[in-house]
Amino acid sequence: MKVLQKLVKRATVALAVVLASAGLIIFFSGTKSISTHEQHLALDASSNRSRVTKLYFVQGTSSSEFLRRRHKVRDACLPGNHLQDLPSDVQHVLTHGDSGVIYCIVPKAGCTFWKRVFSFLNDKNITRPLDTIFSIPRLLVHQQGQGEPFQHYIHNPHKYLTRVMVSRDPLARILSSYLDKFYLPDFWESYGTTFMEQVTGFARMNSMREPVRTGMDFSHAKLSNSCSWIRNKLNSSVSVPNAKQINDNTVTADDFMRKHFDDMANRFWPKHGTGSFQTGSSTYQDTRCGKYLTFSEFVLASMYEEEPHWQPTYQVCNPCQFEPTHVSYMETFNADAKVVLGSMGLKDLVDQLDPVSQVNEEISMLVEYHFNNVFNGPGSHFYSTCLTPQELSYRLWSTFLWQGYIHPLAVYDVPDFHDVSSVKEDLLAQIRQARYLGLKDEHVMEKAKRLFSRKFFTTLTAEALKELFIKFRVDLKLFHRDKDIDGFNCLFSI
């Protein structure tokens, strides 16, 4: 009977939304059946990918805008600006010889999309239709899409006339790297355990070696008065959503992610017997799996370890060496991509996925990738001892919540299933419902995303934020206008 009640509960729910002038307040009341058809419009789990139901016309970025961006990079690379002298490189590229297009890989800046495109075009045995580009598994994409080392005499501008690179707001990119690689279990084995040992060692020694710097002196940078929420100690109270009231919870000087991890350990470890965690203990000293690294600890550790996912863009793809003809921004990704895809014979590709379908695709891809990687992939011998299917589902759910993909008040109902496949399918079913509710009022999800992002950054000290600014200062100069920068332009006066 309890199982039946749980299934009925998941299948029948209603939403009433009240937006108060002082903030965002959301209430659930009553019941209303959500049809199977409506749920599958939010996320089609039958094939683990979104279904294209209509074309979404995208206007391509103008040639004058690409010219403006190209001139901005060119001017910054002129002799006397010292950018050529900074420690940087063009690491890996993907090429399509028939169209003369070369793409410089920058992780956490739309690279999965472009890797799929090049994988599709360079497959000489291609017989599948165009829309199957988006069904190429993420694991396969990244295994086959490592690219080739850049060599200027081979990848020169005379051979590849269309030269593409993508830049992303540094704050969004660093948070995305944390959620994708450390909150989710992608980098636990390679970096997670090391990072946790480093940060606990830093705290014990209270002394650290000098962070990796850009090579330029920005010690004169001063805090601006224009961003009071960060200037006023950064760890001050700020409204954030939670499962009971969306603007009646506050972040204090304590790191909310540590409490989140402690609650998670109390919830999953004792119940499933996956470790030696004792109820009431702290996850701070637990470095065995690298699974409890907080965002603030990640930011600290990332200052001392260079890796393309959190290195500045110019260090991964130095535009002074790569000489891009098309600098793309994540904010205008589809419009930028349409122009480049046109020269590759794929100009209608972007029109096939509207923004809603693109998020659906991302959700399905991440669920499939992580369940396969943890329980069936090459690293399963490590990850399967650190995670139960239920905890992995909980982490995926939280990630989608923080990214504004599902309704901010939707709560993951942990199932009692014992097999991995059932837990995964149940997760997708719950996500369909939570996404459907969120799409009823996308403003709710967008506001929650901004509030959650602020919540993460309020766990950083003023010094840590200043180090981030110093680290990404060159990227800001190369790729962004002040009004395009979501966070840094209100942290410091340049």
Side-chain angles (χ1 to χ4, degrees), residues 2-7 9-11 39 42-49 137-140 142 178-190 192-193 243 257 260-277 279 283 286 288-293 360-403 405-407 410-435:
K2 289 184 177 180
V3 174
L4 179 60
Q5 290 175 342
K6 182 177 289 188
L7 292 175
K9 174 185 174 183
R10 292 177 185 171
Q39 288 186 14
L43 184 69
D44 183 351
S46 63
S47 62
N48 286 330
R49 62 180 304 271
R138 173 182 168 123
L139 185 61
L140 183 63
H142 288 285
Y178 169 72
L179 292 176
D180 194 37
K181 302 302 178 185
F182 291 93
Y183 183 74
L184 295 178
D186 213 17
F187 274 17
W188 288 3
E189 186 175 20
S190 55
T193 53
M257 284 300 293
H260 174 79
F261 284 139
D262 289 348
D263 291 344
M264 186 186 298
N266 279 311
R267 184 173 190 177
F268 292 104
W269 278 37
K271 181 177 180 180
H272 298 286
T274 57
S276 58
F277 185 82
T279 301
T283 53
D286 190 340
R288 181 178 65 91
C289 290
K291 60 190 289 186
Y292 296 127
L293 187 76
N360 293 346
E361 190 68 43
E362 177 76 5
I363 290 173
S364 296
M365 178 180 66
L366 285 173
V367 170
E368 191 67 31
Y369 169 77
H370 283 289
F371 267 89
N372 181 67
N373 191 44
V374 169
F375 300 109
N376 300 306
S380 60
H381 65 283
F382 171 83
Y383 289 111
S384 61
T385 63
C386 297
L387 274 174
T388 64
Q390 285 83 356
E391 183 181 347
L392 175 59
S393 295
Y394 185 79
R395 286 175 179 260
L396 284 162
W397 181 277
S398 298
T399 300
F400 300 148
L401 193 74
W402 294 332
Q403 291 176 327
Y405 290 172
I406 59 179
H407 197 285
V411 178
Y412 177 57
D413 192 357
V414 181
D416 295 326
F417 305 129
H418 297 293
D419 62 297
V420 174
S421 178
S422 294
V423 174
K424 183 183 77 171
E425 293 307 316
D426 178 80
L427 171 65
L428 287 168
Q430 292 195 52
I431 290 173
R432 276 201 304 274
Q433 189 178 70
R435 180 139 176 82

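All of these numbers come straight from a predicted model, not from anything done at the bench.
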Gap between atom [atom2] of [Y] and atom [atom1] of [X] - 0.5 Å precision:
X	Y	atom1	atom2	answer
Met257	Met264	CE	CE	7.0 Å
Tyr394	Asp413	OH	CG	12.0 Å
Asp426	Ile431	CG	CD1	10.0 Å
Asn360	Arg432	CG	CZ	11.0 Å
Phe261	Leu293	CZ	CG	7.0 Å

**Q.** Which residues share a ring-ring contact (aromatic ring centres under 6.0 Å, His included) with Tyr412, sequence neighbours left out
**A.**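 Partners of Tyr412 under the ring-ring contact (aromatic ring centres under 6.0 Å, His included) test: Trp397.
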**Q.** Qualifying salt bridge (Lys or Arg N to Asp or Glu O under 4.0 Å) pairs, either residue in residues 393-403, two or more places apart
**A.**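 Counting only pairs at least two positions apart or across chains, the salt bridge (Lys or Arg N to Asp or Glu O under 4.0 Å) contacts touching residues 393-403 are Glu391-Arg395.
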Q.
The criterion is side-chain contact (heavy atoms from CB on, under 4.5 Å); which residues satisfy it with Asn372, sequence neighbours excluded?
A.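 Residues passing side-chain contact (heavy atoms from CB on, under 4.5 Å) with Asn372: Leu139, Asn376.
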**Q.** Counterpart residues, side-chain contact (heavy atoms from CB on, under 4.5 Å), relative to Ser384 (two or more places apart)
**A.**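 Ser384 satisfies side-chain contact (heavy atoms from CB on, under 4.5 Å) with Phe375 only.
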Q: Tell me, yes or no, whether the heavy-atom count around His418 atom NE2, taken from other residues, nucleotides or ligands under 6.0 Å, exceeds 12.
A: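 Check fails, neighbour count at 12 or below.
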**Q.** Under the side-chain hydrogen bond (donor to acceptor under 3.5 Å, both in side chains) test, residues paired with Ser422 that sit two or more places apart
**A.** Asp419
Q: List in chain and number order the residues that pass side-chain hydrogen bond (donor to acceptor under 3.5 Å, both in side chains) with Asp263, two or more places apart in sequence or in another chain; answer none if no residue qualifies.
A: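 In terms of side-chain hydrogen bond (donor to acceptor under 3.5 Å, both in side chains), with neighbours along the sequence ignored, Asp263 is linked to Lys259.
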Q) With sequence neighbours left out, what residues match Asp180 under salt bridge (Lys or Arg N to Asp or Glu O under 4.0 Å)? A) Lys108, Arg138
